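Structure, as structure tokens:
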Amino acid sequence: MRYDLVIFDNDGVLVDSEPVSNTILAAYLTELGHPTTYEESVRDYMGSAVHRIHELVLERTGQQLPAEFDEVLQARVIDGFARELQPVKGIGEVLELLVAEGIPYCVASSSTHERIRAGHRRTGLDEWFEDEWVFSAEDVGRGKPAPDLFLHAARAMGVEPSRCVVVEDSPLGVQAAVAAGMDVYGFASMTPSDRLAAATGLFSEMTELPRLLA
């Protein structure tokens, strides 16, 4: 393969969490007096760290979200994961191939470490990721679309950014990877391909990814 490190986004790429988490987020925001549909949640917040939710709500309404917002949201999402989360179809085969080829990989996600690990335990993906291969927006000052998280992951894994490739399903994640100077392949399974147009390439089935990385 032509890359020395594959950096996976988590939500929507490793675990099929976006439908679960955005349904919960939309309902919680609506409950708090900020009417939000599932589609609006996906459009505005998919792929972003939780601070973006606070920033957009404040910008649009002039109101602060409650102090307990992050804690309550995370608890509800993790509870939702425990009930229904599944791995993205085909991701196990991709990880098997990377191991067989001896290609290092990691995950760099806007989610918290606790939420990442909860999803991995539920789906069995925890067997594929050592703790030191898991990077969260909690580890850096700015989440996606800033490049900080991807650059942090590359540095921690000992690989130059130009030798890394990112697998992303959100426009914010694609933007962050481009800003980091990395190739990025957009997983257009849930996200319309035109919103991922800045990516190096696009694919809609996980089984297509190994061909792009070769």
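Nothing here was measured: the structure is a model prediction, and the numbers come from that model. For reference, positions follow the sequence shown, starting with 1.
With hydrogens and angles disregarded, no donor-acceptor distance shorter than 3.5 Å links the side chain of Asp16 to the backbone of Gly12. For Ser48 (side chain) and Tyr45 (main-chain N/O), a donor-acceptor pair under 3.5 Å exists by modelled atom type. Side-chain atoms of Thr200 do not come within 3.5 Å of backbone N or O of Asp183 as any donor-acceptor pair. With Thr30 contributing its side chain and Tyr28 its backbone, the two residues share no donor-acceptor pair below 3.5 Å. Counting only distance, with no hydrogens or angles, the side chain of Thr23 and the backbone of Pro19 share a donor-acceptor pair below 3.5 Å.
Counted within 6.0 Å of CD on Glu55, heavy atoms from surrounding residues, nucleotides or ligands total more than 12; the atom is thus considered enclosed. More than 12 heavy atoms of other residues, nucleotides or ligands sit less than 6.0 Å from atom CD of Glu132. Annotation for Glu205: atom CD does not count as buried by contact number, only 12 or fewer foreign heavy atoms lying within 6.0 Å. Around the CD atom of Glu40, the shell of radius 6.0 Å holds more than 12 heavy atoms that belong to other residues, nucleotides or ligands.
Ion pair Arg155/Asp148 not flagged as a salt bridge, since none of the NZ, NE, NH1 or NH2 atoms sits closer than 4.0 Å to an Asp/Glu carboxylate oxygen.
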Check your understanding: After noting the C-alpha distance and the side-chain angles of Thr191 and Ser170, does the key distance pass the side chain to side chain contact (heavy atoms under 4.5 Å, CB included) rule?
Key -> CA-CA 7 Å; Thr191 306; Ser170 76; 5.5 Å; no
Exercise for review: Please test Asp44 against Arg60 for salt bridge (charged side-chain N to carboxylate O under 4.0 Å, His left out), starting from the C-alpha separation and ending with a verdict.
Suggested key: CA-CA 12 Å; Asp44 294 342; Arg60 291 170 174 175; 2.9 Å; yes
**Study point:** Worked check of side chain to side chain contact (heavy atoms under 4.5 Å, CB included) between Arg117 and Asp131
**Key:** CA-CA 9 Å; Arg117 279 311 196 182; Asp131 286 343; 2.6 Å; yes
Exercise for review: Kindly determine whether Ser111 and Asp11 satisfy side chain to side chain donor-acceptor pair (under 3.5 Å), including the steps that lead there.
Suggested key: CA-CA 8 Å; Ser111 292; Asp11 297 290; 2.6 Å; yes
Practice item. Decide yes or no on salt bridge (charged side-chain N to carboxylate O under 4.0 Å, His left out) for Glu59 and Arg52, but give the supporting numbers first. Key: CA-CA 10 Å; Glu59 177 185 316; Arg52 178 178 168 84; over 6 Å; no
Can you give each donor-acceptor pair under 3.5 Å made by side-chain atoms of residues 82-102, sequence neighbours left out, with the distance rounded to 0.1 Å?
residue	atom	partner	partner atom	Å
Arg83	NH1	Asp79	OD2	2.4

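Side-chain N/O atoms of His113 and Asp139 include a donor and acceptor closer than 3.5 Å. Under 3.5 Å, the side chains of His51 and Asp70 contain no donor-acceptor pair of N or O atoms.
Looking at heavy atoms from C-beta onward, Arg195 lies out of side-chain contact with Val174 at the 4.5 angstrom threshold. Counting heavy atoms from C-beta outward, Tyr3 and Val166 have side chains that stay 4.5 Å or more apart. Looking at heavy atoms from C-beta onward, Pro104 lies out of side-chain contact with Val6 at the 4.5 angstrom threshold. Met206 places a side-chain heavy atom less than 4.5 Å from the side chain of Phe187.
Atoms CG and OG, on Leu209 and Ser204 in that order, are 11.5 Å from each other to the nearest 0.5 Å. Residue Trp128 holds its CH2 atom at 12.0 Å from OG1 of Thr123, rounded to the nearest 0.5 Å. With rounding to the nearest 0.5 angstrom, the CG atom of Leu73 is 5.5 Å from the CG atom of Leu25. Taken from OG in Ser21 to CZ in Arg76, the straight-line distance is 14.0 Å, to the nearest 0.5 Å. Taking CD of Glu168 as the start and OG of Ser109 as the end, the distance is 8.5 Å to the nearest 0.5 Å.
In the hydrophobic clustering of ILVMFWY residues, with side-chain heavy atoms under 4.5 Å counting as a link, Leu32 and Leu56 come out together. Under the 4.5 Å side-chain contact rule for hydrophobic residues, Val57 and Phe69 share a cluster. With hydrophobic clusters built from ILVMFWY side chains whose heavy atoms lie under 4.5 angstrom apart, Leu172 does not share a cluster with Leu202. If you chain together hydrophobic residues whose side chains sit under 4.5 Å apart, Ile78 and Val72 never meet in one group. In the hydrophobic clustering of ILVMFWY residues, with side-chain heavy atoms under 4.5 Å counting as a link, Phe81 and Met190 come out apart.
When ring centroids are compared, Phe129 and Tyr105 come within the 6.0 Å threshold.
Remark: of the listed residues Val134, Ile7, Val159, Ile7 is the sole one forming a side chain to side chain contact (heavy atoms under 4.5 Å, CB included) with Cys106.
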